[in-house]
Protein chains: 2
Amino acid sequence: MATKRLPRSPSVDTVDTSFLETLMGYNARRAALAIIAIFLVRMKEFGLRPVDFSVASLITHNPGITSRQLCIALGILPPNLVTLVNGLEKRGLISRLPHPTDGRAMGLHLTEQGLTLMREAEKKAMELEKESSHRLTAMEQKTLMRLLKKVYAQDAS
Amino acid sequence: MATKRLPRSPSVDTVDTSFLETLMGYNARRAALAIIAIFLVRMKEFGLRPVDFSVASLITHNPGITSRQLCIALGILPPNLVTLVNGLEKRGLISRLPHPTDGRAMGLHLTEQGLTLMREAEKKAMELEKESSHRLTAMEQKTLMRLLKKVYAQDAS
DNA sequence: TATTGTTATACTCTATAACTATA
DNA sequence: TATAGTTATAGAGTATAACAATA
């Protein structure tokens, strides 16, 4: 067996991330994950992950919304929404009522228990805003919100 | 028109998403997903998903970087990075060389093939910027980038 | 004793095909 | 024929525990 000498690689002292930081996708993903990380911790008491919360919130503000409408609004695929809705129903937070005009569809509604929980959960979610963007001024927060909406506008993904 | 009968579940004509849209996390996630969706399609020719690209890009600009450094910089857990690095190595894009001072670590480097691919991939990634934020002015893009960095600054997640 | 890299593994998230009942 | 909801399932993504080699 011949002795094979491998070249040694120079070590990196501080990692240069400057190129990645020029990419909008990288920055948007990092920012979203940072905010979601806070959300996960603070909303744990309600047993609501970000998507559960989004679904429940849309039902809150759109009584009688259908699964299909939820899927389109949130970019969730129908098979994956089933699990989410079933979970909320099993916890007694929502109920399914027959749709007034479409016999295939079901209208989703909050129960009294669901309403009580969502009132608290949405209040907490609003409080989290301060924590999520505490490094930004009020004006910067408003600007960031507007620009983010502009980025994903017209998108149904 | 006949008399309207009170339905058990009123239907929703247009979905009201106004509350969710007041939340930074919701907007940030939607924006990030919209950009990533474009990335997935356009970078398919290179066989690089967002995380593969991030790993390969950091190796490009930090020759000799270790797995541990990659994990910290990108918020990836060590066991999950192994699969990513193995994939890049099996494709002949990167190679592992012994670390100059730490016998436990390996320095990661691009191969010639990897360098050729990453030059094209990073060029394409920069072109994607126009597509990702074409609804924003140059000034707005600069502002958005700055504010996003401010949101996730000091975060290692 | 602590750290780097790794294996094994489990759990969540996301995606596709196909079925049912209604339209 | 098309659509709403569902089932089953496969593939990504992400998490923890534990181990070998080295510091």
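In this text the structure is predicted, and so the values were computed from the model without any measurement. All chains are named by letter (A, B, ...) in the order of the sequence lines, taking the proteins before the strands, and each is independently numbered beginning at 1.
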With sequence neighbours left out, what residues match R119(A) under side chain to side chain contact (heavy atoms under 4.5 Å, CB included)?
-> L115(A)
P78(B) meets the side chain to side chain contact (heavy atoms under 4.5 Å, CB included) criterion, sequence neighbours left out, with R68(B), C71(B)
Looking at residues at least two apart in the chain, or sitting in another chain, which of them share a side chain to side chain donor-acceptor pair (under 3.5 Å) with T17(B)?
-> E21(B)
What is the distance, rounded to the nearest whole Å, between atom CG of L70(B) and atom P of dG5(C)?
-> 9 Å
By nearest-nucleotide position on DNA chain D, the 5'-leaning member of D102(A) and D102(B) is D102(A)
Residues forming a ring pair (Phe, Tyr, Trp, His ring centres under 6.0 Å) with Y26(B), sequence neighbours excluded = none
Sequence neighbours left out, what passes salt bridge (charged side-chain N to carboxylate O under 4.0 Å, His left out) with R49(A)? Give chain and number order.
-> D52(A)
Separation of atom CD1 in I36(B) from atom C1' in dC13(C), rounded to whole Å | 14 Å
Sorted by chain and residue number, the ring pair (Phe, Tyr, Trp, His ring centres under 6.0 Å) partners of H61(B) (sequence neighbours excluded) come out as F19(A)
For E45(B), all residues meeting salt bridge (charged side-chain N to carboxylate O under 4.0 Å, His left out), sequence neighbours excluded | K124(B)
Nucleotides bounding contact with chain B, strand DNA chain D, heavy-atom threshold 4.0 Å = dA12(D) to dA23(D)
Can you list the residues that meet the salt bridge (charged side-chain N to carboxylate O under 4.0 Å, His left out) rule with R91(A), with sequence neighbours excluded?
-> none
The salt bridge (charged side-chain N to carboxylate O under 4.0 Å, His left out) partners of R146(A) (sequence neighbours excluded) come to E140(B)
Axis bend over the full length of the helix from dT1(C)-dA23(D) to dA23(C)-dT1(D), computed from five pairs that close each end, to 10 degrees = 0°
Comparing R104(A) and G107(B) on DNA chain C - which has the more 5′ nearest nucleotide | G107(B)
For each nucleotide in nucleotides 6-12 of chain C, reading 5' to 3', give B when a protein heavy atom comes within less than 4.0 Å of its base, S when such contact involves only the sugar-phosphate, and - otherwise.
-> BBB---S
Do the side chain of S57(A) and the main chain of F53(A) share a donor and acceptor less than 3.5 angstrom apart?
-> no
